[in-house]
Amino acid sequence: MLKLKDIIKSYKLGSTQVQALKGINLSFRKNEFVSILGPSGCGKTTLLNLIGGLDHMDSGDLIIEGVSTKNYKDSDWDRYRNEAIGFVFQSYNLIAHLSVLDNVAMSLALSGVKKKERTQKAIQVLTQVGLEDHMHKKPNQLSGGQMQRVAIARALINNPKILLADEPTGALDTETSESIMSLIQTLSHDRCVIMVTHNPEIAQTYSSRIIQLKDGQVVNDSHPYDVDVQPSKDSFKNVSMSYMTALSSSFKNLLTKKGRTLITSFAGSIGIIGIALVLALSNGMDSYVSSIESETLAGFPLQLNQNVSINNLANRPAQVFNPGKNEALTQGLVVDATTETVSHVNIFDDDAMAFLKTLNPSWINSVSYQRSLTLNVATQVNDTPTFVQTRIRGGDGPLASNQSLFFELPADQEFVLSLYDLVAGTYPTQRHEALFVIADDSTIDQSVVNALYLNLSNPFDFDELLQHSFTFIAHDALYQVEDQKVVTQSLDQNLLNHELNQTIKIVGVIRLKVDSGSSFLSVGVGTLPSFNEAWLNQAQNSEVAQLQVTNENINVLTGLPFNAFNTYESILQSIGADLTPQSILIYPKDFESKTLIKDAFDTYNGTVETTQQLIVSDIAETLSSTISSLISTITLILSAFAAISLVVSSIMIGIITYVSVIERTKEIGIMRSLGARKKDISRIFNAEAMIIGVFAGTLGILLSYLLLLGVDVLIETLLNIEGFSSLPASYSLILIALSAGLTLIAGFLPSKMAANQDPVVALRTE
Ligand code: ADP
Ligand code: MG
């Protein structure tokens, strides 16, 4: 059934060539027990490896059941080893990290047999060799004889036609040897057993045929045989190991080296930790900066003023416009600065207001309208009704000059309270309730105290402000219209208590938060939008306002004609007949929203005539560009760190897989002798790399969360920013996947290297 023809095999040792086999011609019967005898180094193992398909001859032919193996491909050899051959080695060659049962079932696993069937068959052969009670032990818990029985059981599991044994009793004592030999002898009844031994006694006692080898040549054959067999049909199945088997084998291997796996995973996780930290911190940085931006922007809104002057630097000659290149100029230039500034009037007509309504509310924190309506506000001063001053000069904030002490609060209470602390009372909810805004250093300027007749001790409790109320005198109460003439009433208790008046009461005091960027409310009384709406309506519909609308030539309040300062339009606005705002302030959510808002204005301006364009002024423009360039620089630096971490992590895993390949060389040899394909070997190492990758990734993420806890505490104590870092769960999952992916890539070369190991060399390694 097996025929060797003129087999020659030599090995290269450095520059010299060692001829291990010098033309072997042998044939084997279907059932016989052949012993190959010969001194050490005569080529016995080489011959056995060639028969087993582990090694390939230089010339000659191996004919299996009448079929030449000259045209055998790698896959044919793999199947041949897996199904036709059983190997038994002197040193047992069991895989240390697998149980006896798994060792025996390995070649079935390689040919893709289901676990249940594998186990069944393995138990069967283990029973056959008398080890049914030891199948859950690890090889190192067995005696030498027992280990050799396991090896024999493993060789038998596929019921191979040929059993190859290389000095199977070489490491055993005489008594154990005898029992192993009689076991092998029994097995030779229904298969061909070829055993290498240097012990003539054993050969004599047990085998049916003895072949003497010397210096790579057959010198004696006790029972020669030579027939040409007709080719029989090749019935080998395809060998294929499932991914699950590869994973579970690798997992078991890793379990035997828990400490090492932990350390290597930790090493591999450092890269992931690096990336996770960079991500979490840059994330935190992003949200911190955007919160700062939004706070800063609160103080620096986009302004739509009625009168704007636009820098028109484009009118400048190009060389002047480009200052960096001035050195190159050899001549001076006369320029006209007046042409560089163009004034524009923003017209807040219905179209403009309709456009403002179309701005996406998610871009905007708040919009506030400044109107020039003159307020007539009175309060009781020592039981005497007295008008308060509603506007003062100076103050802080971007709109410092001539600032109104009464203003409309943004509609969004949350937005206000995100930047301001309520230091006394409650936030107003009713139309007649109002807030008092004090400066961020808890002061109120004397001028404001005087203007509003505030009754405060110094220093004052915030609660003292809550006692104040202010009465908005209705136009129809203040101005009596008789015969197209306006008579302004003097302020007395009757006027103060007029039913049309609206009295607001201070119910709360707010102050800018300690860590807020800058204020957007000036010192004074803030009223709810609902109050302002009602009040503006009342003013617009008042008799005096209606009268002024129909009187285009005379200021009805004074009876005087209009002049350059008091125009028909300005009087209409101050009296409330015309509610067109003087300026509109838009508070964007963040820089991005701000850009989007500006873009929206640009688009709008592109669709209307120049005179209808709405030109926005952005005080914070220079600040914004500085911050965004700073952010992109920082992001770039952090990304570079992340990239380095990635590379380091990959190299680390590559090295770890490489070390593992070196460590498991012997196992690779064993697996190949059992018929494992190169693919199966690389699959095992890929599986191992991936397990380490997933583990390293998970470990890295866990450690990152721990480290970030510490980092957050540090940042909080150093910079007073709470919960700085942020690492979303989705990022964690992506990072673990990344770790697994990277280890797969990094492990690719080492596992390829493992797959390409020469099985004979691998088996020789200790
Ligand atoms: P035996 O098993 O009879 O002791 P071997 O078959 O192992 O002998 O070796 C036969 C000869 O081939 C020896 O000289 C040995 O040194 C040489 N040899 C075997 N395998 C290799 C190898 N992989 N590389 C180099 N020389 C080898
Ligand atoms: Mg040998």
Side-chain angles (χ1 to χ4, degrees), residues 2 4 6-26 28 33-60 62 74 77 81 85-94 144 147-148 151-152 155 162-172 177 180-181 184 193-204 206-207 209-222 662 665-673 678 753-766:
L2 198 67
L4 313 182
D6 300 324
I7 288 187
I8 292 177
K9 173 76 181 173
S10 54
Y11 292 105
K12 256 207 176 105
L13 259 183
S15 54
T16 57
Q17 190 109 343
V18 182
Q19 274 231 315
L21 298 175
K22 305 171 179 166
I24 304 282
N25 282 292
L26 280 171
F28 298 95
F33 190 166
V34 186
S35 283
I36 297 178
L37 269 177
S40 179
C42 70
K44 304 185 294 292
T45 300
T46 306
L47 182 63
L48 217 57
N49 285 343
L50 283 173
I51 295 173
L54 266 183
D55 209 349
H56 302 304
M57 56 221 110
D58 299 341
S59 70
L62 176 69
D74 275 356
W77 285 118
R81 276 200 307 278
I85 300 289
F87 267 110
V88 176
F89 305 94
Q90 176 179 351
S91 51
Y92 328 125
N93 283 353
L94 300 176
M147 282 197 274
Q148 197 57 295
I152 291 170
I162 302 158
L163 183 71
L164 303 174
D166 194 350
E167 308 205 22
T169 57
L172 301 174
S177 293
I180 292 287
M181 281 318 298
I184 294 177
V193 175
I194 305 172
M195 181 183 78
V196 163
T197 180
H198 57 257
N199 186 337
E201 246 170 80
I202 284 184
Q204 289 290 347
Y206 297 97
S207 53
R209 176 178 171 191
I210 297 172
I211 295 170
Q212 296 259 356
L213 223 60
K214 202 181 169 199
D215 285 339
Q217 276 174 315
V218 176
V219 290
N220 189 27
D221 188 344
S222 72
I662 301 282
T665 303
K666 179 81 173 220
E667 188 182 332
I668 294 169
I670 299 169
M671 301 275 291
R672 292 303 301 277
S673 78
K678 291 182 173 183
M753 189 184 89
N756 285 332
Q757 288 231 358
D758 183 344
V760 178
V761 177
L763 274 174
R764 279 177 183 265
T765 341
E766 275 316 319

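Excluded from the calculations below are hydrogen atoms, water molecules and symmetry mates; all remaining heavy atoms, backbone and side chain alike, are included. Both counts, for ligands and for their atoms, begin at 1 and track the order of listing.
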Nearest heavy atoms of [X] and [Y], plus distance in Å:
X      : Y      : value
Leu54  : Asp758 : O-OD1, 4.4 Å
Gln757 : Arg672 : O-NH1, 3.9 Å
Ala762 : Thr665 : CB-O, 3.5 Å
Ala155 : Leu163 : CB-CD1, 3.4 Å

Checklist line | Proximal atoms of ligand 1 relative to Ser40 (non-hydrogen, under 4.0 Å) | finding: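 Taking each heavy atom of Ser40 in turn, ligand 1 has 4 (O) under 4.0 Å.
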
Check: If you count the atoms of ligand 1 from 1 in the order shown, which ones are under 4.0 Å from a heavy atom of Cys42?
Finding: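 The list of qualifying atoms is 3 (O), 8 (O).
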
Check: Any idea which of Lys44, Lys9, Lys214 brings a heavy atom closest to atom 3 (O) of ligand 1?
Finding: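 Residue with the shortest heavy-atom distance to the ligand atom: Lys44.
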
Report the nearest protein non-hydrogen atom to [atom]: residue, atom name, distance rounded to 0.1 Å.
atom                    : result
atom 12 (O) of ligand 1 : Ala20 CB, 3.5 Å
atom 4 (O) of ligand 1  : Gly41 N, 2.7 Å
atom 25 (C) of ligand 1 : Tyr11 CB, 3.3 Å
atom 7 (O) of ligand 1  : Arg764 NH2, 3.1 Å
atom 5 (P) of ligand 1  : Thr46 OG1, 3.6 Å
atom 2 (O) of ligand 1  : Thr45 OG1, 2.6 Å

Next item on the list: Decide, counting backbone as well as side-chain atoms, whether Thr45 has an N, O or S atom less than 2.8 Å from the Mg ion (ligand 2).
Entry: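 So Thr45 counts as coordinating the Mg ion (ligand 2), yes.
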
Note to self: At under 4.0 Å between heavy atoms, is it the side chain or the backbone of Val18 that contacts ligand 1, or both, or neither?
What the structure shows: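 It is the side chain that touches ligand 1; the backbone stays farther off.
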
Margin query: Just to verify, which of Thr45, Val218, Leu26, Leu213 counts as forming a side chain to side chain contact (heavy atoms under 4.5 Å, CB included) with Ile36?
Written below: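 Result for side chain to side chain contact (heavy atoms under 4.5 Å, CB included) with Ile36: Leu213.
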
Margin query: Test your reading of the model: is there a side-chain donor-acceptor pair from Lys9 to the backbone of His56, 3.5 Å cut-off?
Written below: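 Present.
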
Margin query: Under 4.0 Å from atom 16 (O) of ligand 1, is there at least one protein heavy atom?
Written below: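 No; the ligand atom in question lacks any protein heavy-atom contact below 4.0 Å.
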
Next item on the list: Measure the spacing between CD1 of Ile24 and CG of Asp6 and express it to the nearest 0.5 Å.
Entry: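 Ile24 CD1 to Asp6 CG: 10.0 Å, rounded to 0.5 Å.
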
Note to self: Check this for me, if you would: do Arg209 and Asp221 make a salt bridge, where the nitrogen-to-carboxylate-oxygen distance has to be below 4.0 angstrom?
What the structure shows: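 Between Asp221 and Arg209 there is a salt bridge, with a charged N closer than 4.0 Å to a carboxylate O.
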
Item checked: Sub-3.5 Å N/O-N/O distance, Gly43 and ligand 1 ->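 So ligand 1 has an N or O lying under 3.5 Å from an N or O of Gly43.
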
Check: In a check of side-chain hydrogen bond (donor to acceptor under 3.5 Å, both in side chains) between Ser10 and each of Gln17, Gln19, Lys22, which one passes?
Finding: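 That would be Gln17; it is the only one of Gln17, Gln19, Lys22 passing the side-chain hydrogen bond (donor to acceptor under 3.5 Å, both in side chains) with Ser10.
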
